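As a basis for the values below, the full set of heavy atoms in this structure was taken, side chains included, without hydrogen atoms, waters or symmetry mates. These figures come from a predicted structure and were not determined experimentally.
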Amino acid sequence: MRSGQARLAIDYGSADTTAVLAWPDGTWTPLLFDGEPALPSAVLLSEDGTTVTGHHAWRAAPVTPHRFIPHPRQPSEQRLTVADTDVDPLDLVAATLRHVAEQAHQIAGTGIDDVRLVVPAGWGPRRRTWMRHAAHRAGLPPPQLIDAPTAVAGHLLATGLQLPVGAYIAVCDVGATAEVSVLRRGPAGFEVLATLADPTAGGTAIDDALTTTLTTNPPGTGGQRWAMAASLRAGKHALTDHPAVTVPLPDGPAMVLHTGLLDQAAQPVLHRIAHLTTEAITAAELTPRDLTGVYCVGGTARLPLLAQTLTDAGITPTLVDQPTLAAARGAADAGATNTTDPTTTDEPVPPMRRAAAIALPGFASLALVSQFLLTPEWRGSLMYREAILNWGELTMAAVFAVIACLGAGTVLASTIANRTTTPTSPGIHTGTGILAAASLGVAVSGMYAVVGSLYVGYPVNGFLRWTLLPITPTITAAAVMALIAARQWRTPAGGWSKLLAFPTGSVLTAAAGMLLIQYSLTADRWPHLILWIDLAGRVGGLLLGIGTVMAVVSQPILRLILSAPLAVITAALVSWSASGILGAIYAIAVTTWWLRQMWTHLLRPHHPHHPHRPPQ
């Protein structure tokens, strides 16, 4: 038995019902009924008042045909008369849902509080309320209703489909009936732009046409009709694995059913489906070229002729893997707190590494600003004292404060996005977190300037110039990144917190370098220590140059090649007059790192997903 509370998703269709159980660890399993993943939605009312469901109902139909209801899902206001008895279709649907719930309870081993029901996108509030009442009569907890095309689209994303925000897709759901929907992916999920349904363009219509093709005298409404229908259902299912099968006919010789006969019977129906798909795309004010893909689900979607018919109509289809379970699987994942989608969620990162990425630049910032305030070089007399300040150290303190704030804000926002149960885009949380963190970084840098001005006794203008101006390009790049994250233009692999984790090696090396530089500039220069103090400054310059390269370049070989000349240059620049330049160089490197992340992972051109044609 798996740990955690299971989620039950049920796709109750006109002809068949499928369901899956999903667990918090991302695993799932389809419910099997008599060894099959599809439970017939048909029911049969026995003489003693009990309800027989699924395969048992079909087996009993030839014996008591007047008590058999093949399609219990009726309009909400409709009543049925079965064996001279007025029957509420709601009770019939509830019987099938109860059967599913019992099977789910046996597998889960415990009660299920989270239930999702897949409903057609074209259903209004009355039919949706009717379906909730059916779930209540079946003993299920209040369900969450999810549109079928939205569930399928979510399943496509969960299985690796790269679909940017703003892309359009069509979902062709062909079971006993047909429904075609056009969707657009928005920042917060999928929006159904148009949906069209045709009850005469699906598996039921194909069965009727096939019956006419195989028999010169089609059976009437008695037991022969349901015996014939059961044989055709089994024959059509067997044709997915065999080129021809023998179909027993009631009161007659067996017939050979092959793919040619099936295609002949299905062709007019499939042409109606292609026409319905074209109309749905037109109703959404789009053309087939505007779509990223057309995805086919449902039992009838497995007919190879459907792909060919859609292709002839100028539409390139893709048959979804396990087409009868796609909607149920997507519904099971909808709103899951820990659904793992590699394109939208964070990869597991060791907590110590996350903590170091946030704490190290924070402590480095505090160390640098403290040394800056406590070690100014005072020159002149008591009345005309002048403070010589290492403006580069103040600049780097401000830069590290921004890095720490952005790292903390991004990790916090990504964590909230991964744990929230509301249908909000994770990128919106991340974008908001980046903007809030950038604002905090600006505030901390401004505070450094004010505190420095009060402590040293100089006007604040100079301090603001060396704190706010150097971080402005980085803040601008972060704001653009926040906009990209909120719009989910392209979600980076591994998540936003991994993408925006500034290299801690660069922070540690550059901070140590600036601390050594300030020490060499302000330490008491005793004759026997002058050589060591100067050497500390040059080593600090070397470390600052190496840290700068580590921020810009990630490949070890390039780091080694570029560090040598830049480290020599920064070591040669170590002096009071050039200290500000050293800090500005590192600030430029940080901005370059942000721009590189933006280009490499987000704005680099990429090949969109092109749907493929299913095997013929």
Side-chain angles (χ1 to χ4, degrees), residues 2 6-23 26-43 52-59 70-73 93 95-109 112 115-120 135 138 140 143 146 148-149 151-152 154-156 158-159 171-177 179 202-204 206-207 229-230 232-242 245 295-303 306 319-334 614:
R2 298 174 177 85
R7 303 184 301 274
L8 172 62
I10 305 173
D11 182 7
Y12 183 90
S14 297
D16 293 300
T17 298
T18 57
V20 300
L21 275 175
W23 282 267
T27 60
W28 67 278
T29 183
L31 298 186
L32 299 181
F33 308 92
D34 293 337
E36 297 289 337
L39 171 70
S41 301
V43 296
V52 181
T53 60
H55 298 92
H56 298 286
W58 271 100
R59 284 193 285 267
H71 306 296
R73 197 177 75 180
V93 175
T96 299
L97 295 179
R98 191 178 301 112
H99 186 169
V100 174
E102 292 171 354
Q103 186 73 6
H105 180 75
Q106 291 181 7
I107 296 178
I112 299 174
V115 176
R116 293 95 186 276
L117 286 180
V118 178
V119 296
L140 293 171
I146 300 175
V152 172
H155 169 65
L156 292 173
T159 53
V171 175
C172 186
D173 190 348
V174 189
T177 61
E179 182 184 72
T204 301
I206 294 176
D207 290 345
L232 291 180
R233 283 171 57 92
K236 283 171 46 181
H237 180 73
L239 281 181
T240 59
D241 300 318
H242 303 87
V245 295
Y295 300 94
C296 300
V297 296
T300 308
R302 290 179 293 190
L303 294 178
L306 175 61
L319 178 63
V320 177
D321 184 40
Q322 296 182 306
T324 58
L325 293 173
R329 285 196 60 186
D333 290 337

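- Taking all atoms of both residues into account, the shortest heavy-atom contact from C296 to L319 is O-CD1, 3.7 Å.
- You'll find the side chain of H55 reaches within 4.5 Å of the side chain of P40, heavy atoms only.
- A distance of 6.5 Å separates CG in L32 from CD1 in I107, rounded to the nearest 0.5 Å.
- The two residues L8 and A19 make their nearest non-hydrogen contact at CD1-CB, 4.2 Å.
- The CD1 atom of I206 lies 8.5 Å from the CG atom of L306; values are rounded to the nearest 0.5 Å.
- Minimum heavy-atom separation, A104 to I112: CB-CD1, 3.7 Å.
- With sequence neighbours left out, H99 forms a ring-ring contact (aromatic ring centres under 6.0 Å, His included) with F33.
- Between A138 and L97, the shortest heavy-atom contact is CB-CB, 3.7 Å.
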Worksheet entry | Working for side chain to side chain contact (heavy atoms under 4.5 Å, CB included), residues L39 and Q103 | CA-CA 11 Å; L39 171 70; Q103 186 73 6; over 6 Å; no
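- Rounding to the nearest 0.5 angstrom, the gap separating the OG atom in S14 from the CZ atom in R73 is 3.5 Å.
- Annotation: side chain of L31 is in contact with side chain of V100 (closest heavy-atom distance under 4.5 Å).
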List the atom pairs, donor and acceptor, that lie under 3.5 Å between side-chain atoms in residues 320-332 and the rest of the protein, sequence neighbours left out.
none

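- For the residue pair T53 and T96, no side-chain donor N or O sits within less than 3.5 Å of a side-chain acceptor on the partner.
- Without hydrogens or angle criteria, T27 side chain to W23 main chain gives no donor-acceptor distance under 3.5 Å.
- Just one residue in the list L140, V118, T18, V20 forms a side-chain contact (heavy atoms from CB on, under 4.5 Å) with I10, and that residue is L140.
- Within the 4.5 Å cutoff, no side-chain heavy atoms of L117 are placed close to those of Y12.
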Discussion item. Please evaluate residues R7 and D333 with respect to the criterion side chain to side chain contact (heavy atoms under 4.5 Å, CB included), reporting the C-alpha separation (whole Å), side-chain torsions for both, the decisive distance (0.1 Å), and the verdict.
Written reply: CA-CA 9 Å; R7 303 184 301 274; D333 290 337; 4.0 Å; yes
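- The shortest non-hydrogen separation linking V93 to P72 is CG2-O, 4.1 Å.
- G202 approaches V174 most closely through the heavy-atom pair CA-CG1, 4.3 Å.
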